Peer 1: 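I'd like to ask some things about the structure below.
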Amino acid sequence: MSFHPGLPVGVRSAAAFLTITASIAAAGCGGGGEPSKTDYYGSIDSFCGEVASAAKQVSKDTQALRQDKAADRAKVVKVVTDSLQQFASSTETALHDLEKSDVPKAFNAYQDGTSSGFRQFIATLRSTAKAAKKDGAAALSQLAPKLNAVKLPDPPKDITANAKACASFTPAAG
């Protein structure tokens, strides 16, 4: 702030107050401005990466079962249901973290759709694992169609361009 000797004291005080207030607002103290897209890209990228990692673990568990010639049906069902439960838990933890992030207004609809869709996805994993414990492999055979029926939003172009782990979640990437 510069000193202006020709201005009356009240005007100088008001100018000083406005300068300090503007500086505080510019620094982000008490501002309440729009959340950062860059921060959101990081949050959504982390979420997508964690979900993809959990999905890979299910694939790894399933592949190991295929190679285990001594695995009986009961063991297969137990390993797969345990893996699905872990997938559900990992996805739920990642979603919980994502839901705590600040969402720019431009991505509110995407965030809402992601939360809703993945809540349904998690519930489907858990209900299938529970049903498989009772009905065995028959319940597991219905998992893919049930998961394909879950409505997940297509990520906006900004998301796929800036959150590379999410690119695998788009229909075009498959």
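For the numbers below, each heavy atom of this structure counts, side chains included, while hydrogens, waters and symmetry mates do not. Worth saying up front: this structure is predicted, and the values here are computed from it rather than measured.
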Peer 1: Hey, does the side chain of T128 reach the backbone of L125 with a donor-acceptor pair shorter than 3.5 angstrom?
Peer 2: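 Side chain of T128 to backbone of L125: no pair is present.
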Peer 1: Distance check, rounded to the nearest 0.5 Å: L98 atom CG versus F47 atom CZ?
Peer 2: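 Between L98 CG and F47 CZ, I get 6.0 Å after rounding to 0.5 Å.
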Peer 1: If you look at every heavy atom in S89 and R126, which pair is closest and at what distance?
Peer 2: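 That would be OG-NH2, 3.4 Å.
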Peer 1: What donor-acceptor contacts under 3.5 angstrom involve side-chain atoms of residues 129-147, with partners at least two apart or in another chain?
Peer 2:
unit_1 : atom_1 : unit_2 : atom_2 : d
S141   : OG     : A138   : O      : 2.6

Peer 1: Are the side chains of D158 and F107 in touch, meaning some heavy atoms are under 4.5 Å apart?
Peer 2: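 D158 vs F107: side chains touch.
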Peer 1: From D154 CG over to T160 OG1, what is the distance, rounded to the nearest 0.5 angstrom?
Peer 2: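 Interatomic distance, D154 CG to T160 OG1, rounded to 0.5 Å: 9.5 Å.
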Peer 1: Taking side-chain hydrogen bond (donor to acceptor under 3.5 Å, both in side chains) as the definition, give me every residue that meets it alongside S90, ordered by chain and number, with sequence neighbours left out.
Peer 2: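 By the side-chain hydrogen bond (donor to acceptor under 3.5 Å, both in side chains) rule, S90 matches Q86.
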Peer 1: For the residue pair F87 and V51, what are the closest heavy atoms and their distance?
Peer 2: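 Heavy atoms of F87 and V51 come nearest at CE1-O, 3.7 Å.
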Peer 1: Sequence neighbours left out, what pairs pass salt bridge (charged side-chain N to carboxylate O under 4.0 Å, His left out) with at least one residue falling in residues 97-122?
Peer 2: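 Those involving residues 97-122 are E92-R119, D97-K100, E99-R119.
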Peer 1: List for me each residue that meets side-chain hydrogen bond (donor to acceptor under 3.5 Å, both in side chains) alongside S83, sequence neighbours excluded, and say none if there are none.
Peer 2: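 With neighbours one apart ignored, the set is D61.
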Peer 1: Side chains of S46 and E50: any donor to acceptor distance under 3.5 Å?
Peer 2: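 Present: a donor and an acceptor within the cut-off.
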Peer 1: So which of P155, P153, C166 actually passes side chain to side chain contact (heavy atoms under 4.5 Å, CB included) with T114?
Peer 2: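 For T114, the side chain to side chain contact (heavy atoms under 4.5 Å, CB included) check succeeds only for P153.
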Peer 1: What's the spacing between F121 CZ and S116 OG if we round to 0.5 Å?
Peer 2: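 Result: 13.5 Å between the selected atoms.
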Peer 1: Could you check whether any side-chain N or O of S53 sits under 3.5 Å from a backbone N or O of G49, counting only pairs where one atom can act as donor and the other as acceptor?
Peer 2: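 No.
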Peer 1: Can you check whether Q63 reaches Q67 side chain to side chain, under 4.5 Å on heavy atoms?
Peer 2: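 They are in contact (side-chain heavy atoms under 4.5 Å apart), so the answer is yes.
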Peer 1: With sequence neighbours left out, what residues match K78 under side-chain hydrogen bond (donor to acceptor under 3.5 Å, both in side chains)?
Peer 2: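 Partners of K78 under the side-chain hydrogen bond (donor to acceptor under 3.5 Å, both in side chains) test: D82.
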Peer 1: Can you name the side-chain hydrogen bond (donor to acceptor under 3.5 Å, both in side chains) partners of D68, sequence neighbours left out?
Peer 2: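 Applying side-chain hydrogen bond (donor to acceptor under 3.5 Å, both in side chains) to D68 gives K75.
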Peer 1: So, for V103 and Y40, which heavy atoms are closest and what is the spacing to 0.1 Å?
Peer 2: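 The pair with the smallest heavy-atom distance is CG2-CE1, 3.8 Å.
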